[in-house]
Amino acid sequence: MNDLFEKASIKRAYFTLALPVVLSMAVTLIYNLVDTFFVSKTGNPDLVAGVSQGAPIFTLMIAIGDIFGLGGSSLISRLFGEHKDQLARNVSGYAFYYSIACGIVVTIILLVFQNPILHLLGASSSTWKYAREYYLVIAWGAAFIIFGLSPTNILRTEGLAIQSMIASMAGTIINIFLNPIFIFTCGLGAAGSALATVTSSVIADIIMIYYLRTESKKLTTSIHETKISRHYQLQIYAIGIPASITNIMVSFATAMTNRYLISYGANSVAAMGIAMKANSIIIMIMVGFAFGAQPLIGYAYGARNEKRFYEIIHFDLFVISSINIVLTILLLIFAPEVIRIFMNDPVIVKEGALILRWLSITTTLAGIILVFTTAFQSMGKAVPAFWLSFSRQGLIFGLAIVILAHFFGYTGILAAQACSDVLTLILGLIFYKVYEPHFDRKES
């Protein structure tokens, strides 16, 4: 492990850790596209819209899981860099068990407050039935979904990126297989899509636990190795909560966009749902590289290796920007063809292509923002990590969509994310100058 993090070339270390994450994301991407494909093939715009409205709950669970997965892995990477292996081991145990407890609490909250939450998500009289079906199944599976984010991220801190990938890919492939069976063969519709997700999460969790117990030398699944000081607990939450904000804000942005679009009809909400899934081609590859590099950045920072730290950041920016530019151009050119794969309704194809072009035009900027965000998370810099996570699809996006929708109507709604990306990048550049690390002195 130490050779990979300390002595291997930047290119080799980066791709060794990042490529398995990207491959895992690619399979997840295929699942997202297949899921949207099968849901769309029901030919029911209300069902497609209902699943789109319920989907932010799943995203919210991923966000909560990231509190322990990303917060824990950030701290573990820095502790490994400082050669505090036993403390890092206890942090892994803490993240493991507290994520399970958190998932149980989330299930209770979602079941008790299901009606007001569904209203908040924008479910209307025509989509309520389908949104509720999806919502209830996902709610019951919260503990399995939330827990999975801990071993997924923590395994990579020990260089076990391939094992993490295998578990994630296995779950996703099973999800792809189960989707048409539950939706069509079993006639479960929207609930079938959710049930496939929960079932695959359970299987992926089992595989990751197996790897933690058999392949890991420095991490643990023991409930007896979970004790860490309040100081280190706060470090997990100080980084994990800002990290989770990214996904929470995705839920916020999706719900807010759906609420604005519903006045234009269910077709507009359905077109947005399909376009967002298609745009995830870029987003998930970008996230894969950024999260794959995160343990490497954290280790270099914990080891106080200034040269290696900056080389990793610069290489990360180069890779993510280059890939994003190419993929953005392809989506801009072939947007109608991409939308047509999922639903061959002329109205939805035309509307979805326009939405997809607006969504994809600034994803390269979003990639740069993500590199800054993951770098701050790796360094334990909670303040800039929080504000970047909170701004792009939260504060800045919220202000953008309110203002642009007021002045430009439908076009303003579609342009809100691009506007937010530009403004958030400016904020990220400012933060990078202000919070640039100083390796000549010990930082807190």
- Message: Tell me whether the rings of Phe252 and Phe397 are parallel (<30°), tilted (30 to 60°) or perpendicular (>60°).
- Response: perpendicular
- Test side-chain hydrogen bond (donor to acceptor under 3.5 Å, both in side chains) applied to Ser200 and Asn175, step by step: CA-CA 5 Å; Ser200 64; Asn175 201 337; 3.2 Å; yes
- Task: Answer yes or no: is there a donor N or O on one side and an acceptor on the other, between the side chain of Ser216 and the main chain of Leu219, under 3.5 Å?
- Result: yes
- Item | Test side-chain hydrogen bond (donor to acceptor under 3.5 Å, both in side chains) applied to Glu436 and Tyr310, step by step | CA-CA 10 Å; Glu436 187 175 4; Tyr310 283 114; 3.3 Å; yes
- side-chain contact (heavy atoms from CB on, under 4.5 Å) filter on Ser321, not counting sequence neighbours, yields Thr364, Ile368
- Message: Please check this pair: side chain of Gln235 against backbone of Gly380, looking for a donor-acceptor N/O pair closer than 3.5 Å.
- Response: no
- ring pair (Phe, Tyr, Trp, His ring centres under 6.0 Å) contacts in which one or both residues fall within residues 256-275, not counting sequence neighbours: Tyr264-Tyr410
- Message: Using a 3.5 Å distance criterion without hydrogens, assess whether the side chain of Ser164 forms a donor-acceptor pair with backbone atoms of Thr152.
- Response: yes
- Query: Would a distance-only check, ignoring hydrogens and angles, find a side-chain to backbone donor-acceptor pair under 3.5 Å from Thr157 to Ile154?
  - Reply: yes
- Message: Taking atom CH2 as the centre, does Trp128 end up with more than 12 heavy-atom neighbours from other residues, nucleotides or ligands that are less than 6.0 angstrom away?
- Response: yes
- By side-chain contact (heavy atoms from CB on, under 4.5 Å), Ile207 pairs with (sequence neighbours left out) Ala167, Ala170, Ile203, Tyr211
- What closest approach, in Å, do Ala49 and Val269 show between heavy atoms, and which atom pair accounts for it? CB-CG1, 4.0 Å
- Task: Give the intermediate values and the outcome of side-chain hydrogen bond (donor to acceptor under 3.5 Å, both in side chains) for residues Glu6 and Tyr299.
- Result: CA-CA 8 Å; Glu6 295 177 356; Tyr299 192 101; 2.6 Å; yes
- Message: Would Lys11 pass as a cation-pi partner of Phe315, given that its NZ or CZ must be under 6.0 Å from the six-membered ring centre and within 45 degrees of the axis?
- Response: no
- Message: Main chain of Leu149, side chain of Asn153: is a donor-acceptor contact present, judged purely on distance under 3.5 Å?
- Response: yes
- Using distance alone, with no hydrogens and no angle criterion, decide if Asn44 and Tyr130 have a side-chain donor and acceptor under 3.5 Å apart. yes
- Item | Heavy-atom donor-acceptor pair, Ser168 side chain to Met165 backbone, under 3.5 Å | no
- Scan for ring pair (Phe, Tyr, Trp, His ring centres under 6.0 Å) pairs involving residues 146-201, sequence neighbours excluded, and state none if there are none. Phe96-Phe147
- Sorted by chain and number, sequence neighbours left out, side-chain contact (heavy atoms from CB on, under 4.5 Å) with Met276 holds for Thr254, Met272, Leu359
- Item | Exam field: side chain Arg132 to backbone Ala123, donor-acceptor pair closer than 3.5 Å | no
- Task: Please determine if Arg78 forms a cation-pi arrangement with Phe80, meaning its NZ or CZ atom is less than 6.0 Å from the six-membered ring centre and no more than 45° off the ring axis.
- Result: no
- Query: For Gln377, does its backbone N or O pair with a side-chain atom of Ser74 as donor and acceptor, under 3.5 Å?
  - Reply: yes
- Hey, mind stepping through Met286 and Ile283 against side-chain contact (heavy atoms from CB on, under 4.5 Å) and telling me if it holds? CA-CA 5 Å; Met286 170 179 75; Ile283 299 298; 3.7 Å; yes
- Item | Ring centre gap for Tyr432 and Phe372 strictly below 6.0 Å | yes
- Checking Thr363 side chain against Ala366 main chain: does a donor-acceptor pair fall under 3.5 Å? no
- Message: Is it true that, when you exclude Leu317 itself, more than 12 heavy atoms of the residues, nucleotides or ligands shown sit nearer than 6.0 Å to its CG?
- Response: yes
- Message: Quick check against the 3.5 Å criterion: does Thr373 have a side-chain atom that pairs as donor or acceptor with the backbone of Ser389?
- Response: no
- Residues which pass side-chain contact (heavy atoms from CB on, under 4.5 Å) with Leu332, listed by chain and number, not counting sequence neighbours: Thr328, Arg357, Ser360
